[in-house]
Amino acid sequence: MALSREQIAQRVAREMRDGYYVNLGIGIPTLVANYIPEDIAVMLHSENGLLGMGQFPSEAELDADLINAGKQTVTMTTGASIFDSAESFAMIRGGHVDLTVLGAFEVDVNGNIASYMIPGKLIKGMGGAMDLVAGADNIIVTMTHASKHGESKLLTQCSLPLTGKGCIKKVLTDLALIEIKNGKFHLLERAPGVTVDEIIKLTQGELVVPKFVPEMRF
Amino acid sequence: MALSREQIAQRVAREMRDGYYVNLGIGIPTLVANYIPEDIAVMLHSENGLLGMGQFPSEAELDADLINAGKQTVTMTTGASIFDSAESFAMIRGGHVDLTVLGAFEVDVNGNIASYMIPGKLIKGMGGAMDLVAGADNIIVTMTHASKHGESKLLTQCSLPLTGKGCIKKVLTDLALIEIKNGKFHLLERAPGVTVDEIIKLTQGELVVPKFVPEMRF
Amino acid sequence: MTGLNKVVQSYQDAMAGLVDGMTIISGGFGLCGIPENLIAEIKRKGTKSLTLVSNNCGVDDFGLGVLLPERQIKKIIASYVGENAEFERQMMSGELEVELTPQGTLAEKMRAGGAGIPAFYTATGVGTLVAAGKTERQFNDRDYILEQAITGDFAIIKAWKADRFGNLVYRKTARNFNPMAATAGKITVAEVEELVEPGALDPDEIHTPGIYVNRVIQGTFEKRIEQRTTRASGES
Amino acid sequence: MTGLNKVVQSYQDAMAGLVDGMTIISGGFGLCGIPENLIAEIKRKGTKSLTLVSNNCGVDDFGLGVLLPERQIKKIIASYVGENAEFERQMMSGELEVELTPQGTLAEKMRAGGAGIPAFYTATGVGTLVAAGKTERQFNDRDYILEQAITGDFAIIKAWKADRFGNLVYRKTARNFNPMAATAGKITVAEVEELVEPGALDPDEIHTPGIYVNRVIQGTFEKRIEQRTTRASGES
């Protein structure tokens with residue numbers, strides 16, 4: 001069975017370490033906040049200028065001046081700090097954020113990522129995504145393994161305009177956890193009940209499959 | 001009679017306009033603060049990170065955490081603000097300071113200034129002087145017109161290492177107020193009782209002298 | 001002795017001097033921390049052929065989006081413009097020129113503009129469309145592109161409190177692009193919720209020193225929320 | 001669950017990992033806002049061949065100057081070094097390498113180092129010794145030189161208050177170079193006058209967010225004054 005959105009978020013959350021500063025992108029990455037292990041402390045960074053992002057506000061707490069990068073109203077955790085956009089991206093571009101989780105349309109065997117534009121169709125802008133992929137060492141891309149029509153999103157070469165070049169090392173799809181190194185995809189884990197053959201079939205770029213591929217557990 | 005240090009400060013103070021943000025260098029420029037006309041409001045900038053520098057503190061007000069760029073203890077005026085050194089020099093280098101007053105060893109007809117180093121003799125560093133001369137449009141250099149030995153400090157070409165190139169347009173010496181343009185010094189005013197001939201004699205670079213050279217009044 | 005008093009009494013005075021063809025830098029992120037009333041005044045004036053620099057362009061009927069129907073904007077430099085149907089129409093039809101700029105690069109370009117830095121290198125955008133035509137150079141074996149500073153004829157910003165010297169403080173994430181925008185305008189206009197007496201703001205806590213600010217006006221704000229997300233009360 | 005708790009209990013722990021040959025970036029301007037006790041610990045450890053990046057180098061017996069007698073400093077990058085006889089002797093004799101850097105350029109180099117900007121253009125130093133060997137380029141008909149970022153193995157800074165997450169606030173002009181230095185260290189160590197509970201610092205008023213800070217230690221400070229200037233009481 002392919003992972004649900006919640007399971008993707010759960011699996012990503014296991015990559016967190018005590019003391020991490022983490023930037024979670026819009027969409028599935030946002031859900032990761034719900035699955036942070038209770039025995040570790042992390043601080044969430046929102047690139048519009050907030051470190052220590054908390055949960056959604058109650059009606060009483062609602063504040064138009066306190067939003068996240070997805071423009072959703074949020075709260076602050078104890079010990080939060082506020083800063084301007086230049087400082088916020090200094091944190092990102094200066095490599096101070098320990099883990100970045102974001103979505104994508106495509107990734108390829110060289111660690112390229114396309115996530116912001118479908119020419120002639122979707123031109124909303126890259127927001128902070130180009131800064132995030134260029135600035136972070138430790139990035140997890142979350143996406144579906146293939147389109148609804150069965151077209152692979154893990155490619156030999158991205159077909160869409162790039163968000164970043166050679167910067168992605170880890171991808172979690174609904175089918176598998178994959179590492180990118182030396183110009184190849186490497187299968188690390190598979191979703192519960194998903195076979196290696198299914199993953200191979202839906203991975204267009206070269207995929208290295210070890211003898212034993214552990215199954216994720218939830 | 002050559003101007004006293006206080007008279008130099010007084011004459012510089014007349015260049016201030018209502019609403020100016022002013023950076024005063026160490027030495028004579030610091031004295032300018034004492035002669036700001038009472039009918040105008042200016043704010044003094046100290047490049048270590050203070051806008052709204054006030055007078056020296058009383059013994060009771062003395063605070064090791066509140067100094068100016070000359071490392072002297074100071075106070076703040078009402079409406080002062082504190083910021084870090086990058087921000088402070090953003091103000092200077094971004095052209096936000098309206099008037100800068102600083103000392104020099106030499107200036108020349110091309111607006112070059114030497115003020116920070118005498119090779120083999122005085123190597124203390126440029127501090128913020130290179131930033132100030134490169135960042136400000138409106139600079140007044142205060143200095144003595146000549147050395148004790150009668151050597152002119154207003155030269156065809158600076159002999160000492162430069163602090164800045166082509167950035168000085170106005171010089172106030174103990175003898176004269178001089179403008180620099182089109183590769184020449186232009187005599188604007190003379191100190192009370194100082195003759196044009198005396199000024200010519202002590203100015204090594206080409207000096208343009210108009211028919212009438214007004215005498216400064218104090 | 002009013003030279004340091006930046007307070008103006010009307011929005012007309014606040015935007016006096018704005019003419020067709022100028023470049024305006026605006027603070028704000030989405031609809032958060034935007035200079036609502038200064039934007040409304042630009043709409044009222046009907047100034048045309050503007051180049052706007054702002055992270056976003058508002059929505060159809062609020063924020064900078066209100067300048068679209070009368071075609072007041074010639075060009076926009078922004079990182080994300082996806083919340084606005086009329087915007088998309090004008091962009092697709094070529095009526096509106098759009099220069100998409102990564103968010104961090106945009107913030108840094110404004111800061112650089114205010115700080116007298118004409119250009120800086122960044123890794124953001126290397127190998128993407130953003131790098132087209134830009135100088136590339138390696139430092140420590142990594143590729144970077146050269147990005148140039150942005151300055152504006154006007155900067156329009158929104159702050160929480162101001163004193164008459166133009167010292168500003170912002171509230172929560174309404175800070176966002178406002179402090180950088182404030183430094184990058186030839187004329188910087190701040191509209192604020194509250195005017196306080198000089199000295200009421202702690203010098204250590206001022207976000208934007210008054211040296212960057214030319215005009216201050218007190219306004220009232222709708223502060224529309226773009227994505228109203230709440231949790232059930234009691235839920236945690 | 002202690003990962004975000006940056007507090008250490010001893011100066012040994014605060015400077016653990018510092019070894020010969022490393023680069024240290026220090027906050028402070030003159031003797032104002034300097035990490036007195038962290039400097040004392042470096043002296044105690046006797047670490048050698050250090051490259052120091054700091055606006056000044058203290059005086060003979062206080063501040064970074066205390067690292068001179070045992071020749072712990074190999075090189076210093078500073079803007080002003082003129083308050084120190086032993087410093088002058090070592091510089092003139094060639095025992096100490098000195099890279100004089102304009103103050104604004106130095107502040108910007110630290111900021112750039114922390115912000116992932118490898119290099120930036122500035123007008124400061126054009127046509128002077130500072131420009132030697134540097135790339136020059138024109139923007140809008142003006143000459144600029146390219147300056148490169150600075151980062152350190154350690155950054156040592158002094159703040160007023162901290163919480164255990166490493167959020168910092170500075171007091172008055174003791175802020176100076178500390179916030180930029182804080183961003184530019186692989187390991188950033190902050191010594192502070194007061195430790196407060198998380199939440200005690202207003203999020204809007206934090207000068208250095210804890211993300212930049214690896215270790216926090218509470219100390220007591222001499223806070224020596226370099227130029228004690230006062231006016232007679234009553235005089236105005």
Side-chain angles (χ1 to χ4, degrees), chain B residues 46-50 53 55-76 80 82-93 95 112-114 116-117 119-120 122-135 161-167, chain D residues 27 29-33 55-56 78-83 88 91-92 98 100-108 110-112 122-131 143 160 170-180 207 221-236:
Chain B
S46 190
E47 63 263 29
N48 56 317
L50 168 59
M53 178 169 62
Q55 57 189 348
F56 292 145
S58 67
E59 282 290 333
E61 290 166 336
L62 198 72
D63 186 340
D65 288 339
L66 187 53
I67 65 171
N68 66 16
K71 286 137 193 164
Q72 299 171 310
T73 46
V74 293
T75 55
M76 292 187 279
I82 299 280
F83 30 83
D84 65 45
S85 300
E87 184 74 56
S88 187
F89 281 90
M91 292 174 189
I92 292 167
R93 294 151 63 119
N112 298 325
I113 173 173
Y116 83 103
M117 188 191 204
L122 179 79
I123 307 179
K124 287 172 182 280
M126 67 292 283
M130 281 192 184
D131 306 286
L132 282 160
V133 298
L162 296 185
T163 308
K165 195 178 157 186
C167 46
Chain D
F29 182 92
L31 302 181
C32 181
N55 189 57
N56 312 85
S79 91
Y80 192 80
V81 293
E83 318 293 4
E88 207 169 332
M91 176 169 65
M92 289 302 199
V98 180
L100 289 176
T101 303
Q103 198 171 131
T105 295
L106 186 62
E108 196 66 26
M110 290 184 195
R111 181 191 177 273
T122 178
T124 298
V126 168
T128 76
L129 294 174
V130 166
D143 295 324
W160 182 28
Y170 307 94
R171 187 172 173 277
K172 299 186 180 174
T173 56
R175 190 180 321 183
N176 58 61
F177 279 83
N178 284 297
M180 284 80 63
H207 296 132
F221 297 84
E222 176 183 339
K223 292 210 217 177
R224 193 182 294 186
I225 291 174
E226 202 163 340
Q227 302 279 341
R228 184 190 177 90
T229 45
T230 57
R231 67 179 197 281
S233 136
E235 188 186 336
S236 79

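To find a chain, count down the sequence lines: A is the first, B the second, and so on, and within it residues start at 1.
Taking chain D as the reference chain and counting heavy-atom pairs below 4.5 Å, the highest number among B:R93, B:E61, B:M130, B:M117 is found for B:R93. Per-residue heavy-atom pair counts under 4.5 Å with chain B were compared for D:L31, D:D143, D:T105, and the maximum is reached by D:T105. Listed options B:L50, B:V74, B:L62 were ranked by heavy-atom pairs under 4.5 angstrom with chain D; first place goes to B:L62. The choice from B:A69, B:A80, B:A129, B:G166 that makes the most heavy-atom pairs within less than 4.5 Å of chain D is B:A69. In terms of heavy-atom pairs under 4.5 Å with chain B, the best-connected choice from D:G27, D:G30, D:C32 is D:C32. For the set D:N176, D:T122, D:V98, the entry with the most heavy-atom pairs within less than 4.5 Å of chain B is D:N176. Between chain B and the options D:N178, D:V126, D:T101, heavy-atom pairs under 4.5 Å are most frequent for D:T101. Each of B:L162, B:I82, B:D65 has some count of heavy-atom pairs under 4.5 Å with chain D, and the biggest count is that of B:D65.
Both tests hold for B:K71 against D:F29: distance to the six-membered ring centre under 6.0 Å, angle to the ring axis within 45°.
Contacts of B:S88 with chain D are absent, with no heavy-atom separation under 4.5 Å from either backbone or side chain. Looking at D:M91, the atoms closer than 4.5 Å to chain B (heavy atoms on both sides) all sit in the side chain, from C-beta outward. Contacts between D:N55 and chain B at a heavy-atom distance below 4.5 Å are absent for every atom of the residue. Contacts of B:E87 with chain D are absent, with no heavy-atom separation under 4.5 Å from either backbone or side chain. Both the backbone and the side chain of B:I67 come within contact range of chain D, each with at least one heavy atom under 4.5 Å from a heavy atom of that chain.
Take B:Q72 and apply the side-chain hydrogen bond (donor to acceptor under 3.5 Å, both in side chains) test, not counting sequence neighbours, and it matches B:N68.
Closest heavy-atom contact between B:S46 and B:M53: CB-SD, 4.0 Å. Nearest heavy atoms, B:A86 versus D:E108: CB-OE1, 4.4 Å. Closest approach of B:C167 and B:V133 over heavy atoms only: CB-O, 3.3 Å.
The structure places CG of B:D84 at 4.5 Å from CE of D:M180, a figure rounded to the nearest 0.5 Å. B:M126 contributes atom CE, which lies 5.0 Å from atom CG of D:L100 (distance to the nearest 0.5 angstrom). Atom CZ in B:F83 sits 9.0 Å away from atom CZ in D:R175 (nearest 0.5 Å).
In summary, the side chains of B:S85 and D:R111 do not present any donor paired with an acceptor at a separation below 3.5 Å, with no hydrogens or angles considered.
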